[in-house]
Amino acid sequence: RVTAPLSLGLLAPVVAGYLARYPDVQLELSANARVVDLIEESVDVGIRAGRLEDSTLVAKSLGRVASMLVASPAYLNRRGRPKSPSELSKHTSLLFGAQPVLRLSRAERVENLKLAPRLLVNDMDVLQAAVLAGLGIGPLPNILCAELLRARKLERVLPDWSPPPTPIHIVYPSTRHLSPTTRSFIDYVLAHMKLPD
């Protein structure tokens with residue numbers, strides 16, 4: 001049993017590859033916006049995005065996901081292109097997470113912007129759709145933006161500034177004996193889940 005964040009698209013080809021390699025394994029993958037208690041809910045493995053809270057779990061890094069601020073060309077042509085983080089307060093913001101705060105950094109400088117987002121959502125697919133629809137400016141992972149930037153469906157906003165990268169870990173209980181199947185899944189994810197920064 002595996003739990004992972006919503007919209008972690010990088011995991012899909014890894015799961016497919018694992019199941020193809022181990023045809024006798026049954027896998028239950030639950031995508032959740034909440035942090036699942038692995039021990040309480042009898043889950044073998046978790047994929048976690050962001051800062052880890054539970055120090056009783058064994059955690060192995062899978063890398064970090066870099067993000068950028070983007071908007072549709074239609075939105076930027078209509079509302080203008082901000083030239084500094086402070087100008088974002090005059091724009092419609094679309095944010096991911098539970099807090100209406102956007103953190104941006106450039107070199108050693110960090111800005112924590114408290115915004116009044118039109119959309120605050122914990123599903124990256126919904127955020128991406130809203131940005132593509134021209135509803136405002138939002139942070140998206142680079143891996144979700146690359147093709148859309150090339151196709152000119154999105155444009156980078158404040159290219160010198162970026163949200164902090166999100167660390168991704170695979171976690172499992174330290175108190176539980178790992179079955180060979182669970183160990184094979186952990187090893188497969190560690191070997192095949194490549195996260196570009």
Side-chain angles (χ1 to χ4, degrees), residues 2-17 28-36 46-51 62-105 111-169 189 193-197:
V2 179
T3 180
L6 289 168
S7 313
L8 191 62
L10 287 167
L11 189 58
V14 176
V15 167
E28 179 185 326
L29 175 61
S30 176
N32 286 286
R34 67 182 177 87
V35 176
V36 171
I47 308 293
R48 298 268 168 89
R51 193 165 56 87
L62 295 171
R64 302 185 310 162
V65 174
S67 297
M68 64 178 75
L69 271 186
V70 289
S72 72
Y75 171 87
L76 295 171
N77 289 337
R78 189 171 70 247
R79 297 286 305 275
R81 288 160 176 80
K83 295 184 173 36
S84 69
S86 62
E87 291 183 24
L88 289 173
S89 63
K90 300 173 188 164
H91 283 265
T92 304
S93 59
L94 312 168
L95 297 181
F96 179 83
Q99 301 294 327
V101 175
L102 177 64
R103 188 168 190 225
L104 296 174
S105 62
E111 296 272 352
N112 289 301
L113 305 166
K114 191 159 174 55
L115 300 170
R118 182 168 184 209
L119 175 68
L120 183 62
V121 64
N122 63 3
D123 186 310
M124 200 58 76
D125 292 335
V126 173
L127 180 61
Q128 182 186 42
V131 172
L132 278 169
L135 300 179
I137 298 172
L140 288 176
N142 293 4
I143 52 174
L144 290 182
C145 297
E147 288 299 320
L148 295 167
L149 289 167
R150 277 194 284 276
R152 298 198 171 142
K153 292 181 179 178
L154 288 180
E155 187 177 316
R156 187 158 185 188
V157 175
L158 299 175
D160 294 339
W161 293 85
S162 298
T166 303
I168 308 291
H169 291 86
V189 171
M193 193 163 170
K194 308 295 185 203
L195 295 177
D197 274 341

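Since we're looking at a predicted model, the values are computed, not measured.
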**Q.** Criterion side chain to side chain contact (heavy atoms under 4.5 Å, CB included) against Leu69, the qualifying member of Leu140, Val131, Leu158
**A.** Leu158

Q | Stepwise side chain to side chain contact (heavy atoms under 4.5 Å, CB included) test for Val2 and Val15 | A | CA-CA 10 Å; Val2 179; Val15 167; over 6 Å; no

Q.
Applying salt bridge (charged side-chain N to carboxylate O under 4.0 Å, His left out) as the test, list every pair that has at least one member in residues 130-147; sequence neighbours left out.
A. Glu147-Arg150

**Q.** Closest non-hydrogen atom pair between Gly134 and Ser72, with its separation
**A.** CA-OG, 3.2 Å

Q: Begin with the C-alpha distance, continue with both residues' side-chain angles, and end with the deciding distance and a verdict on side chain to side chain contact (heavy atoms under 4.5 Å, CB included) for Leu104 and Leu88.
A: CA-CA 11 Å; Leu104 296 174; Leu88 289 173; 3.9 Å; yes

**Q.** Side-chain heavy atoms of Gln128 within contact of Pro141, under 4.5 Å
**A.** no

Q. Any idea which heavy atoms bring Leu62 and His169 closest together, and the distance?
A. CD1-C, 4.0 Å

Q.
Using 0.5 Å steps for rounding, measure from the CD1 atom of Ile137 to the CZ atom of Arg81.
A. 10.0 Å

Q: Apply salt bridge (Lys or Arg N to Asp or Glu O under 4.0 Å) to Glu111 and list each qualifying residue two or more places apart in sequence or on a separate chain.
A: Arg109

Q.
With rounding to the nearest 0.5 angstrom, report the CZ to CG distance, Arg156 to Leu149.
A. 8.5 Å

Q) How close do Cys145 and Val70 get, heavy atom to heavy atom, and via which atoms? A) SG-CG1, 4.0 Å

Q. Going from OG1 on Thr166 to CZ on Arg64, what distance comes out if it is rounded to the nearest 0.5 angstrom?
A. 9.5 Å

Q. Does Ile47 reach the side chain of Pro5, with side-chain heavy atoms less than 4.5 Å apart?
A. yes

Q | Interatomic distance, Leu154 atom CG to Leu76 atom CG [nearest 0.5 angstrom] | A | 9.5 Å

Q) What's the shortest heavy-atom distance between Leu29 and Ala4, and which atoms? A) CD1-CB, 4.1 Å

Q: Enter the distance from Lys114:NZ to Arg103:CZ here, rounded to the nearest 0.5 Å.
A: 15.5 Å

Q. Could you state the interatomic distance from OG (Ser105) to CG (Asp160), rounded to the nearest 0.5 Å?
A. 11.5 Å

Q: Please assess Leu135 against Leu119 for the test side chain to side chain contact (heavy atoms under 4.5 Å, CB included), listing each intermediate value before the final yes or no.
A: CA-CA 9 Å; Leu135 300 179; Leu119 175 68; over 6 Å; no

Q.
Would you say that more than 12 heavy atoms from the other residues, nucleotides or ligands in this model lie under 6.0 Å from the CZ of Arg78, or not?
A. yes

List, one per line, each side-chain donor-acceptor pair under 3.5 Å for residues 91-102, sequence neighbours excluded.
{"residue": "His91", "atom": "ND1", "partner": "Tyr75", "partner atom": "OH", "Å": "2.9"}
{"residue": "Thr92", "atom": "OG1", "partner": "Arg79", "partner atom": "NH1", "Å": "2.9"}

